[in-house]
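What follows is one structure encoded as structure tokens, with my remarks underneath.
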Amino acid sequence: MTYGSQKWPARSLLGAVSPDARRELLDLGVRTRFEVGEVLLSEGADDRHVLLLLSGFAKVTARVENGEETLLAVRVGGDSVGEMAAMDGAPRSATVTACGEVVARLVPAATLHTLLARRPDVHLVLTGIVADRLRWANRRRLDFRGYPVKVRLARLLVELVGTYGQPGEDGMVLGCRLTQPELAALTGAAETTVHKGLRELREEGLLETGYGSTVIRDLPRLRRLGDLLLEG
């Protein structure tokens, strides 16, 4: 979906709403920029604003019981972050960090509430996105128990390319390149095991990795490997 020269994934907030609603969202708040490594939102903080990501790539992390940081998700241009605190008033449940330059609209919670009251269509899309994220988290937990690492990798890549992928000359391009430690965190596996799984996927012609992107060369085969034949 586009607005001007900008393009966002169809399943992101800015990609899923109608053109009129998108224009209203893009007029909210103030434009702000974050540099690589800069924290957009902090776990435990009491602020309530929402960030609409216009471009860039950010990671969502949280502290687990032993104090270690774990990667929960990735967010790209078109996504919103911080909406749960804005909607329920609870402290931030995770930290969001820029993985490169990120441009966003900073929207106060009250401003978002006013829009959602006036635009139930946007409220419905945002609620659906939050529900999808909860289902995604639940699937991750089930995958940790039910599948070997290579299959978990296949399932993760299929989901990421379904949300953020764009058609390219050699396959579906996932513009946000995840590091092996980040893939290990998302699949609940050791980094050495993820390294082996990625090598095998490349050798089998299922994907290519390059600077700044991953290309899925054979999505149907990757779906079969991930036991995803019956999923949309």
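- Once rounded to the nearest 0.5 Å, the distance linking OG1 of T127 with CD of E83 reads 10.0 Å.
- Clustering of Ile, Leu, Val, Met, Phe, Trp and Tyr side chains at separations under 4.5 Å places V96 together with V30, F34, L40, L41, L51, L53, V60, L72, V81, V102, L106.
- How far CD1 of I129 is from CG of L13: 4.5 Å, rounded to the nearest 0.5 Å.
- Of the candidates T209, D218, I216, L207, L201 forms a side-chain contact (heavy atoms from CB on, under 4.5 Å) with just one, namely L207.
- Through direct or relayed side-chain contacts under 4.5 Å between Ile, Leu, Val, Met, Phe, Trp and Tyr, L124 connects to no other residue.
- Evaluated for a side-chain contact (heavy atoms from CB on, under 4.5 Å) with L115, the options D27, L28, L126 yield exactly one hit, L28.
- One N or O on the side chain of T187 and one on the backbone of L183 form a donor-acceptor pair closer than 3.5 Å.
- At a threshold of 4.0 Å, the pair R217-E208 counts as salt-bridged, since one of the basic side-chain nitrogens sits closer than that to a carboxylate oxygen.
- Taken to the nearest 0.5 Å, the OG1 atom of T193 stands 11.0 Å off from the CD atom of Q180.
- Annotation: R31, atom CZ; neighbour count of heavy atoms from other residues, nucleotides and ligands within 6.0 Å does not exceed 12.
- Contacts of R221 classified as side-chain hydrogen bond (donor to acceptor under 3.5 Å, both in side chains), with partners at least two apart in sequence or in another chain: none.
- For M87, the CE atom is densely surrounded, since the number of other residues' heavy atoms within 6.0 Å is greater than 12.
- By the criterion of side-chain heavy atoms lying less than 4.5 angstrom apart, applied directly or through intervening Ile, Leu, Val, Met, Phe, Trp or Tyr residues, L14 is not grouped with V130; the two fall into different hydrophobic clusters.
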